[in-house]
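What follows is one structure encoded as structure tokens, with my remarks underneath.
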Amino acid sequence: MTLAANINRETVPKHIAIIMDGNGRWAQSQGQERLIGHHTGVESVREALKAAQEVGVKFLTLYAFSMENWNRPKKEVEGLMDLLVRTIAGEVDELDASNVRIHTIGDIDGLPNNCSDEMAAACERTRNNSGVNLVLALNYSAKWEILKGVKSIASEYAKGNINLDDITSEKIDQVLSTSGIPDPELIIRTSGEHRLSNFLLWQAAYAELHFTEVLWPDFKQDDFFRAILDYQSRERRFGKVSEQLGKDV
Ligand code: FPP
């Protein structure tokens, strides 16, 4: 029996986002090249997706490539792009058959053409699916999307299309690449690092954070369930005090 049996299905987070970290260290600990860690990490992506499907998580966001990742050695960047393209191309039939809808967030136009084309095709192919929404953060940076959003709002204001009072929290939600996707209630980071690393900074305002020492290639379904159980053990107060929770005060 897996840990899933202990999860309260009524309070499963609707959206879980994961910073998949530790692929390089995992590979090095095995005396392998870093890219082997990324390849093995794809198996953990499958595990996380299966676990999300099992307990009814509606949105699963994965930080697959950050804007800062371009600074890695050329060989690793090329290997990662190749892995992303081949994984999506190889898995899209099965993802479609299991009713998964694929989305991307980030500057997709800044990816190599074969990668952006493959992602666009996968999003289009699965757009009518109603199961888990798999959101891939690719060439993503929270500061980039906030800056881009602020510029688009400023431009609307300068043209006189909106007033100052139209600039609300909801308006900002709409100009981010996550528009239409609910904020994550839970963010998981693997490999013992305790940072958000420019990931979903606006959307993480009330997220619970779960950090685990497990390296991403070792991350299994039970690790996913453990994170949900940790989330369910916490009291989410949204600025209120305990006594106010569940009451209209
Ligand atoms: C971080 O580990 C991991 C990445 C930058 C890449 C993650 C990508 C995958 C697992 C492929 C996912 C594929 C799909 C289709 C979603 P790291 O290299 O920073 O590890 P380190 O901190 O140990 O060096």
Side-chain angles (χ1 to χ4, degrees), residues 16-53 57 59-96 98 100-108 110-112 114-123 125-126 132-142 187-200 211-221 223-224:
I16 298 183
I18 310 184
I19 303 174
M20 310 179 287
D21 198 7
N23 294 350
R25 276 165 284 164
W26 183 90
Q28 277 155 357
S29 75
Q30 317 261 320
Q32 306 263 23
E33 273 193 59
R34 295 176 55 83
L35 270 173
I36 303 289
H38 299 314
H39 279 261
T40 312
V42 173
E43 189 47 47
S44 301
V45 170
R46 289 191 194 96
E47 291 274 316
L49 183 59
K50 269 190 267 166
Q53 285 168 321
V57 172
F59 292 85
L60 177 67
T61 298
L62 303 175
Y63 204 2
F65 194 85
S66 73
M67 280 191 179
E68 291 77 17
N69 285 152
W70 293 113
N71 298 323
R72 294 191 172 203
K74 191 164 175 265
K75 187 173 160 216
E76 183 172 346
V77 171
E78 285 173 357
L80 261 171
M81 288 298 147
D82 188 50
L83 177 65
L84 287 164
V85 172
R86 281 193 291 121
T87 304
I88 291 301
E91 307 266 335
V92 72
D93 285 348
E94 205 181 317
L95 291 168
D96 191 28
S98 56
V100 171
R101 179 169 177 188
I102 301 171
H103 308 253
T104 53
I105 56 171
D107 187 7
I108 303 306
L111 292 168
N114 65 334
C115 191
S116 52
D117 290 350
E118 201 63 57
M119 295 301 156
C123 294
R125 164 96 183 266
T126 60
V132 176
N133 291 277
L134 177 63
V135 184
L136 301 176
L138 293 165
N139 197 20
Y140 177 83
S141 146
I187 296 181
I188 301 171
R189 183 170 190 151
T190 58
S191 90
E193 304 292 350
H194 297 179
R195 287 186 297 278
L196 283 179
S197 297
N198 208 1
F199 186 49
L200 301 179
F211 299 108
T212 168
E213 295 294 319
V214 174
L215 303 176
W216 181 249
D218 287 329
F219 193 89
K220 302 285 176 244
Q221 293 192 46
D223 297 298
F224 190 87

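Just so you know, ligand 1 is whichever comes first in the structure, and atom 1 is the first atom listed for that ligand.
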Nearest heavy-atom neighbours spanning Asp218 and Asp223: O-OD2, 3.6 Å
Geometric class of the Phe199/Tyr63 ring pair [parallel <30°, tilted 30-60°, perpendicular >60°]: parallel
Please tabulate, line by line, the atom pairs linking an N/O of ligand 1 to a protein N/O at a distance below 3.5 Å, with the distance in Å to 0.1, or answer 'none'.
| unit_1 | atom_1 | unit_2 | atom_2 | d |
| --- | --- | --- | --- | --- |
| ligand 1 | 2 (O) | Gly22 | N | 3.4 |
| ligand 1 | 2 (O) | Asn23 | N | 3.4 |
| ligand 1 | 18 (O) | Arg34 | NH2 | 2.9 |
| ligand 1 | 18 (O) | Arg72 | NH1 | 2.8 |
| ligand 1 | 19 (O) | Asp21 | OD1 | 3.3 |
| ligand 1 | 19 (O) | Arg72 | NH2 | 2.7 |
| ligand 1 | 20 (O) | Gly22 | N | 3.3 |
| ligand 1 | 20 (O) | Asn23 | N | 3.1 |
| ligand 1 | 20 (O) | Gly24 | N | 3.0 |
| ligand 1 | 22 (O) | Asp21 | OD1 | 3.0 |
| ligand 1 | 22 (O) | Arg25 | NE | 3.4 |
| ligand 1 | 22 (O) | Arg25 | NH2 | 3.0 |
| ligand 1 | 23 (O) | Gly24 | N | 3.3 |
| ligand 1 | 23 (O) | Arg25 | N | 2.7 |
| ligand 1 | 23 (O) | Arg25 | NE | 2.8 |
| ligand 1 | 24 (O) | Arg34 | NH1 | 3.0 |
| ligand 1 | 24 (O) | Arg34 | NH2 | 3.0 |

Whether Asp96 side chain and Thr126 backbone form a donor-acceptor pair below 3.5 Å: no
Donor-acceptor under 3.5 Å (Asn71 side chain, Glu68 main chain): yes
Residue pair Ala122 / Ile102: nearest heavy atoms and the distance that separates them: CB-CD1, 3.8 Å
Shortest non-hydrogen separation from Met67 to Asp107 and the atoms involved: CE-CB, 3.6 Å
